[in-house]
Amino acid sequence: MVVKVFDAYIKGEKQVTGTIDEIADYFGLSRNSISLWIKNGKDPKKANPEYKHAILNKEKTKELMEQKKKNVESTKQKKNVGCEEISERKWQSKTQEKKN
């Protein structure tokens, strides 16, 4: 799942930066409300500063995606190492059983 980061504006002033969930928690609103803010801010050129709106923060979103990608890769590496260790243990136990 791709997580996007937005800048939330009220009366033209940037109030907070975060994901939909983070912004919703910050203002004590529902995700649906924040989704409407995002819809209002889809085209930054047409965004009316009088309305609450949220604009995609491309830089923060890119950073978050790269961070998640690194976490996934490191998790995969750990799982592979764990599988290799288990396979090695099973092989050793089978060879010991055959010797006995």
Side-chain angles (χ1 to χ4, degrees):
M1 181 176 163
V2 178
V3 178
K4 296 180 182 178
V5 178
F6 297 91
D7 295 325
Y9 293 84
I10 296 178
K11 294 185 180 179
E13 292 186 31
K14 182 176 165 183
Q15 299 293 317
V16 67
T17 299
T19 63
I20 293 175
D21 291 329
E22 291 169 344
I23 295 171
D25 288 343
Y26 181 82
F27 289 109
L29 300 171
S30 70
R31 289 176 47 94
N32 290 341
S33 295
I34 304 306
S35 295
L36 291 173
W37 291 17
I38 293 167
K39 184 178 178 185
N40 289 339
K42 277 283 187 195
D43 188 356
K45 295 174 186 172
K46 294 181 181 178
N48 186 344
E50 294 301 314
Y51 294 108
K52 297 173 185 171
H53 62 281
I55 299 173
L56 179 66
N57 186 323
K58 293 178 183 177
E59 294 171 7
K60 296 279 185 181
T61 299
K62 185 177 177 181
E63 289 175 15
L64 186 61
M65 288 175 54
E66 288 174 0
Q67 182 182 3
K68 285 190 174 226
K69 187 177 179 182
K70 288 178 184 177
N71 289 344
V72 168
E73 288 174 358
S74 66
T75 303
K76 284 182 181 178
Q77 289 174 351
K78 288 178 184 176
K79 285 183 180 177
N80 287 341
V81 169
C83 290
E84 290 172 4
E85 289 175 1
I86 291 169
S87 296
E88 180 68 24
R89 283 188 222 138
K90 286 182 180 178
W91 181 78
Q92 287 176 351
S93 65
K94 285 183 181 179
T95 54
Q96 286 178 356
E97 288 175 6
K98 288 180 182 178
K99 288 180 181 178
N100 295 333

Please list, chain by chain and in numerical order, all residues satisfying side-chain contact (heavy atoms from CB on, under 4.5 Å) with [X], sequence neighbours excluded.
{"X": "K4", "value": "V2, F6, L56, T61"}
{"X": "S30", "value": "N32, S33"}
{"X": "I10", "value": "Q15, F27, W37, K52"}

Same apolar cluster: [X] and [Y], side chain cutoff 4.5 Å:
{"X": "Y26", "Y": "I34", "answer": "yes"}
{"X": "I23", "Y": "L29", "answer": "yes"}
{"X": "V16", "Y": "I38", "answer": "yes"}

Worksheet item: Tell me, do K60 and E63 make a side-chain contact under 4.5 Å, heavy atoms counted?
Response: yes
Discussion item. Measuring from atom CG of N57 to atom CG of D7, what distance do you get when rounded to the nearest 0.5 angstrom?
Written reply: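 One finds 4.5 Å between CG of N57 and CG of D7.
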Discussion item. Let me confirm one number: the CZ-CD1 distance from R31 to I20, rounded to the nearest 0.5 Å.
Written reply: 5.0 Å
